[in-house]
Amino acid sequence: MNIYIDESGNTGDLIQRKTDLDFSKQNIFTLASVQISEDGLNFFSEKKIPELKRKYKVQGGELKSKQIFESKPKFLLELLDEMANNNIIFFIEVVDKKFYICQSIVTHQVVPPYFCSEDSKLDGSTQVMRNIFADLLTKHITNIEYKSFFKACQEVSESSLLESFDALFVFAEDKKNDTLFGDIYKGISDGVYETKDDYNLMKEKFGKENAVKNFLPIPDIGKKNQKIYLLPQISCLTNIIAKTNFLNDCLNEIEFIHDEQKHFDDVLIDNIKAMYSLASTDSMIKTNNTDFKLKSLPKVTVDGLSESNIGLQIADVLAGFMMRYVKRIVDNVPMDEIYSEIFTRIINYQNDCMKNSPTANFLISITDMKKMGMFPMRNFKLDKMAQDFEKEYYSKV
């Protein structure tokens, strides 16, 4: 059994020397996986895809996601029906890059994990609070706060870290009289103030150099020994592996074939190895539809060529559709009704092998989830207070 993986909207890691918060007009990243047997692959490759291409007059040898999205959306509707009929499993990870950055800012500099109570971790209130803070920051912080955070990551020094703390604190303090969200802005500024105190405590206990690193994301190291910060592909790929692990008793018979990744192949493989090495620790969790506790090291290759592989082409079509659809929703671009129909079909997709696992996972802002007519998705239960807090915020955005 093979799982074919392809991405759309990839601009690399998100913290770079040149601050591009437009991400070269690719603000949404998606990663799609398609689990299909050899018989299924032959069926789609030799029969079904050629039939659909003739029916919808799709030109060229290789399926292209842009062509399907722009001019042949009915092709995808029928493809989804055939995939369900043949018990094909697929997953799509969707990431808003700016929200991804803001989540990191919040996790490291507003509500870091070191001083969160165990009760707040169990009832979900910490995660809800982080998501709400990140949502507000995604929509309103300026280049000043982003650049300060980027600089702190690149320099990893006390002065740049304190500069990042101060920029975020000043931003939130200036808005704490906001009519709708003043209490939330105050929560952000209070959080930064307390985190700065936490930094000083860690500095006294562990030394300045070690303390600074605790309030910044951990970088990966690239081929040229460069630091790579916040590469969405990593968390998306490990989520897909965890979902596959949840659905299968063992991964020994499964090979993950990712499309060619010349720049980040080593980083992706290293993170999968780390995922496996941590499987025996309490840090790797099992939720309603994911299982990060791997029993064996997954077999993953990152050199697949889509021109000759229908599995990768189907993954590309799914990733490309979701990237373009979500981007247009986020950017308030109107679309024909058929696109909403396809989106609904994707997120409600099920078959006998799925165990009610959701096909799509969204790491995007609460505001944009609301634009899509969706409520934030959870893999864990929230207590009533956390639920009420989230619902109240959702009603205001």
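Note that the structure is predicted; figures quoted are calculated from it, not measured.
Enclosure of atom CD in Glu253 is not indicated, since only 12 or fewer non-hydrogen atoms of other residues, nucleotides or ligands lie within 6.0 angstrom. The environment of NZ in Lys396 is crowded: more than 12 heavy-atom neighbours from other residues, nucleotides or ligands sit within 6.0 Å. Atom CE of Met335 is surrounded by more than 12 heavy atoms from other residues, nucleotides or ligands within 6.0 Å.
Residues Phe23 and Asn27 share a closest heavy-atom pair of CD1-CA, 3.9 Å. Nearest heavy atom pair, residue Lys57 against residue Lys72, reads O-NZ, 3.4 Å. In this structure, Asp316 and Leu63 approach most closely via the heavy-atom pair OD2-O, 4.0 Å. For the pair Phe171 and Leu137, the tightest heavy-atom approach, listed with the atom from each and the gap, is CE2-CD2, 3.7 Å. Of all the heavy atoms in Leu247 and Lys355, the pair that sits closest is O-NZ, 3.6 Å. The two residues Ser148 and Ala167 have their closest heavy-atom pair at OG-CB, 3.6 Å.
There is no side-chain donor-acceptor pair under 3.5 Å between Ser340 and Glu337.
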What side-chain donor-acceptor pairs closer than 3.5 Å can you find for residues 88-104, not counting sequence neighbours?
from: Glu93; atom 1: OE1; to: Asn239; atom 2: ND2; distance (Å): 3.1
from: Glu93; atom 1: OE1; to: Asn361; atom 2: ND2; distance (Å): 2.9
from: Glu93; atom 1: OE2; to: Lys243; atom 2: NZ; distance (Å): 2.8
from: Asp96; atom 1: OD1; to: Lys98; atom 2: N; distance (Å): 3.0
from: Asp96; atom 1: OD1; to: Phe99; atom 2: N; distance (Å): 3.2
from: Lys97; atom 1: NZ; to: Gly9; atom 2: O; distance (Å): 2.5
from: Lys97; atom 1: NZ; to: Thr11; atom 2: OG1; distance (Å): 2.8
from: Lys97; atom 1: NZ; to: Gln26; atom 2: O; distance (Å): 2.7
from: Tyr100; atom 1: OH; to: Ser235; atom 2: OG; distance (Å): 3.2
from: Gln103; atom 1: NE2; to: Asn131; atom 2: OD1; distance (Å): 2.6
from: Ser104; atom 1: OG; to: His108; atom 2: ND1; distance (Å): 3.3

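We find that Asp368 and Lys139 are joined by a salt bridge, their nearest charged nitrogen and carboxylate oxygen being less than 4.0 Å apart. Residues Asp183 and Lys186 are not paired through a salt bridge, judged by the lack of any N-O separation under 4.0 Å between the basic side chain and the carboxylate. Here Glu78 does not pair with Lys74 in a salt bridge; the nearest charged N to carboxylate O distance is not below 4.0 Å. A salt bridge links Glu173 with Lys176: the distance from a Lys NZ or Arg NE/NH1/NH2 to an Asp or Glu carboxylate oxygen falls below 4.0 Å.
At distances below 3.5 Å, at least one donor-acceptor pair connects side-chain atoms of Tyr349 with backbone N or O atoms of Ala84. No donor-acceptor distance shorter than 3.5 angstrom exists from the side chain of Ser8 to the backbone of Thr30, with no hydrogens or angles considered. Checking side-chain atoms of Asp135 against main-chain N and O of Ile366 turns up a donor-acceptor pair under 3.5 Å. No donor-acceptor pair closer than 3.5 Å links the side chain of Ser45 to the backbone N or O of Asn42. Within the 3.5 Å criterion, the main-chain N or O of Ile338 finds no donor-acceptor partner in the side chain of Asp336.
Both Phe375 and Phe389 are members of a single hydrophobic cluster when ILVMFWY side chains are connected at heavy-atom separations under 4.5 Å. The cluster map of Ile, Leu, Val, Met, Phe, Trp and Tyr, joined by side-chain heavy atoms under 4.5 Å apart, puts Leu77 and Val34 in the same cluster. Residue Ile144 is not grouped with residue Val192 when hydrophobic side chains (ILVMFWY) are merged at heavy-atom distances under 4.5 angstrom, including chains of intermediate members. Cluster annotation: Phe149 is not connected to Val170 through the hydrophobic network of ILVMFWY side chains, with a link wherever side-chain heavy atoms come within less than 4.5 Å. Follow the hydrophobic side-chain contacts under 4.5 Å out from Phe206 and you reach Leu161 in the same cluster.
Side-chain contact check for Met369 versus Ile364: some heavy-atom pair is nearer than 4.5 Å. Under the 4.5 Å side-chain criterion, counting only non-hydrogen atoms from C-beta, Phe181 is not in contact with Lys175. Side-chain contact between Lys227 and Ile221: present, with at least one pair of heavy atoms (C-beta onward) separated by less than 4.5 Å. The closest side-chain heavy-atom distance from Lys273 to Ile269 is below 4.5 Å. Taking 4.5 Å as the limit, some side-chain heavy atom of Asn289 sits within range of a side-chain heavy atom of Pro358. The closest side-chain heavy-atom distance from Lys327 to Val330 is not below 4.5 Å. Proximity of Asn356 to Gln350: side-chain heavy atoms (C-beta onward) are separated by under 4.5 Å at one or more points. Counting heavy atoms from C-beta on, the side chains of Met83 and Leu318 come closer than 4.5 Å.
Interatomic distance, CD of Glu163 versus OG of Ser157, reported as 8.5 Å (0.5 Å rounding). To the nearest 0.5 angstrom, Met372 atom CE is 13.5 Å from Lys370 atom NZ. A distance of 9.0 Å separates CG in Leu41 from CD in Glu46, rounded to the nearest 0.5 Å. Rounding to the nearest 0.5 angstrom, the gap separating the CG atom in Leu294 from the OG1 atom in Thr238 is 9.5 Å. For the atom pair OG1 of Thr301 and CD of Glu260, the computed distance is 11.0 Å after rounding to the nearest 0.5 Å. Here the straight-line distance linking atom CG of Asp303 with atom CD1 of Ile257 works out to 8.5 Å at 0.5 Å rounding.
Aromatic ring pairs are classed by plane angle as parallel below 30°, tilted from 30° to 60° and perpendicular above 60°; the pair Tyr193 and Phe169 is tilted.
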| message | Could you go through Thr244 and Gln35, starting from their C-alpha distance and side-chain angles, then the distance that decides it, and tell me whether this counts as side-chain hydrogen bond (donor to acceptor under 3.5 Å, both in side chains)? | response | CA-CA 9 Å; Thr244 305; Gln35 181 172 328; 4.6 Å; no
| task | Give the C-alpha distance, both sets of side-chain angles, the deciding distance and a yes or no for side-chain hydrogen bond (donor to acceptor under 3.5 Å, both in side chains) between Asp6 and Tyr4. | result | CA-CA 7 Å; Asp6 204 349; Tyr4 299 95; over 6 Å; no
| said: Show, in sequence, the C-alpha distance, side-chain angles and deciding distance for Asn2 and Glu38, and conclude whether the side chain to side chain contact (heavy atoms under 4.5 Å, CB included) test is met. | reply: CA-CA 8 Å; Asn2 290 338; Glu38 186 174 349; over 6 Å; no
| query | Does the salt bridge (charged side-chain N to carboxylate O under 4.0 Å, His left out) test come out yes or no for Lys48 and Glu51, once each step is laid out? | reply | CA-CA 5 Å; Lys48 184 47 62 177; Glu51 283 180 4; 3.0 Å; yes
| request: Could you go through the side chain to side chain contact (heavy atoms under 4.5 Å, CB included) check for Lys299 and Glu255 one step at a time? | output: CA-CA 5 Å; Lys299 184 178 180 182; Glu255 181 175 1; 3.8 Å; yes
| Hey, mind stepping through Glu145 and Thr142 against side-chain hydrogen bond (donor to acceptor under 3.5 Å, both in side chains) and telling me if it holds? | CA-CA 6 Å; Glu145 294 77 46; Thr142 71; 2.6 Å; yes
| request: Would you please test Ile272 and Ile241 for side chain to side chain contact (heavy atoms under 4.5 Å, CB included) and show each step? | output: CA-CA 9 Å; Ile272 293 165; Ile241 291 173; 3.8 Å; yes
| said: Test side chain to side chain contact (heavy atoms under 4.5 Å, CB included) on Arg130 and Val110; report intermediate values, then the result. | reply: CA-CA 8 Å; Arg130 284 180 179 146; Val110 184; over 6 Å; no
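Each of Tyr339, Phe362, Phe69, Phe343 was scored for a ring-ring contact (aromatic ring centres under 6.0 Å, His included) with Tyr325, with one residue passing: Phe343.
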